[in-house]
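Working notes, structure below.
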Amino acid sequence: MIIISKENPVIRLFTEHKNRIEGDALHQLKKSAELPGMQTAVGMPDLHPGNGGPVGAAFITHGIFYPHLIGSDVGCGMGLWQTNLRKNKVKRDKWARKLSGFETPWEGDAGEWLTGYNLNPSQFENALGTIGGGNHFAELQTVEKISDPEAFGALGLDKKHLMVLVHSGSRGLGASILRHHTDKHGAGGLEDNTDDATDYLKAHDEAIQWAEANRALIAHRFISALGTIGERVLDLSHNAVSRIQHDGQTLWLHRKGAAPSDRGPVIIPGTRGSLTYLVRPLKDQSANAWSLAHGAGRKWNRGSVRARLKSRYTPASLSQTDMGSLVICEDRDLLYEEAPQAYKNIDGIIRDMEASGLIRQVATFRPLITYKVRKNR
DNA sequence: ATGTAC
């Protein structure tokens with residue numbers, strides 16, 4: 001852990017290798033830390049530049065909170081399902097052909113699905129059960145290695161079964177919520193107990209639920225397409241603001257691309273061509289604002305990846321990874337933007353958090369099929 | 001990251 005600033009506000013970087021962190025990302029972290037009411041800003045080892053603030057960061061404020069630090073994909077997160085498919089009966093290519101249509105509206109009753117999550121129908125039902133773009137995906141995985149059998153078993157996990165990991169968010173709903181805020185307040189915050197704060201938090205909490213319902217429906221569509229059933233193991237949002245009590249104060253904990261580490265085990269995917277880690281947070285999580293890295297984090301910005309890789313990689317070569325997995329991504333631009341080479345090495349991200357005393361490993365998972373998108377945008 | 005506008 002590297003201390004950037006000892007007080008007013010506290011700024012900590014949870015890496016053992018500062019050169020892992022881009023200068024722009026650190027600058028964004030420091031800039032965001034200057035906002036009024038800021039007490040603590042922490043950067044995770046996957047810290048990288050973002051839109052309204054850095055991604056891979058958590059911020060603690062008093063008396064005011066900042067929607068632009070959460071970003072537009074309110075509720076975005078990771079969900080893990082255990083399926084009834086067995087590791088000894090993998091039919092990778094046959095299964096890949098069965099996976100399609102996760103970018104078009106679900107054939108079922110989306111309004112009824114939302115009711116199961118205590119949500120009323122909104123104007124975004126057509127997007128429910130769709131993965132979206134960018135770094136979102138749904139991925140079939142096998143268990144690679146178990147390092148903490150007790151924690152692994154306590155989640156009901158079985159190494160013989162295949163898993164589905166879903167990374168998606170609140171689609172247009174979250175975007176509309178941030179737009180509504182920034183149209184009036186820009187990058188300004190919302191003070192405690194104001195009407196605008198109450199309205200934002202109500203919409204925010206609904207988007208958190210909507211995103212969870214969305215991941216569940218994506219998993220349902222994915223698992224059904226493979227002709228089997230599955231059970232949710234865990235689901236955590238890495239874009240959210242929460243009210244917390246700490247040292248007798250009521251504070252706001254903002255997470256942007258930062259997984260919560262106060263709700264049990266956490267799933268941290270690497271790239272589509274690397275392992276996913278299941279980890280167990282260790283006891284005291286206050287220094288890191290009860291937050292962990294949410295993935296590998298970008299190394300190269302989206303716009304620069306194609307130029308860097310086009311001479312060495314064809315779209316067909318990027319559709320198979322070094323791990324032997326398939327990537328279903330029929331949007332060529334996205335296939336390059338999301339290439340594993342554009343991301344940091346997840347093993348180093350995990351090692352950083354172990355070295356900082358934040359986590360222990362529980363298990364790793366190996367990708368088999370990653371579904372991103374079938375159609376061109 | 002998004003739906004929409006360019």
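Naming convention: chains lettered A, B, ... in sequence-line order (proteins, then strands); numbering from 1 in each chain.
The distance from atom CG of Asn239(A) to atom P of dA1(B) is 9 Å, rounded to the nearest whole Å. Atoms NE2 (His136(A)) and C1' (dA1(B)) sit 6 Å apart, rounded to a whole Å. Rounded to whole angstrom, the span from the NE2 atom of His167(A) across to the P atom of dA1(B) amounts to 7 Å. Rounded to whole Å, atom P of dA1(B) lies 8 Å from atom CZ of Arg298(A). The nearest whole Å value for the distance from the CZ atom in Arg302(A) to the P atom in dT2(B) is 10 Å. As a whole-Å value, the separation of Glu103(A) CD from dA1(B) C1' is 16 Å. Going from atom CD of Glu337(A) over to atom P of dT2(B) covers 12 Å, rounded to whole Å. Atom-to-atom, CD1 of Ile131(A) to P of dT2(B) comes out at 11 Å; the value is rounded to the nearest Å.
For residues 356-366 of chain A, the salt bridge (Lys or Arg N to Asp or Glu O under 4.0 Å) pairs, not counting sequence neighbours, are Glu144(A)-Arg366(A).
Using cut-offs of 30° and 60° for the angle between ring planes, the His136(A) and His167(A) rings count as perpendicular. Classified by interplanar angle (parallel below 30°, tilted 30° to 60°, perpendicular above 60°), the ring pair Phe65(A)/Tyr200(A) is tilted.
Phosphate contact (OP1/OP2 of dA1(B), side-chain N/O of Asn51(A), threshold under 4.0 Å): absent.
Under the 3.5 Å distance criterion, the side-chain polar atoms of Arg12(A) are left unmatched by any main-chain donor or acceptor of Ala289(A).
Going from atom CG of Leu85(A) over to atom CG of Leu368(A) covers 9.5 Å, rounded to the nearest 0.5 Å.
Partners of Trp210(A) under the ring pair (Phe, Tyr, Trp, His ring centres under 6.0 Å) rule, at least two apart in sequence or in another chain, do not exist in this structure.
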Nucleotide N/O to protein N/O under 3.5 Å, stretch nucleotides 4-6 of chain B:
none

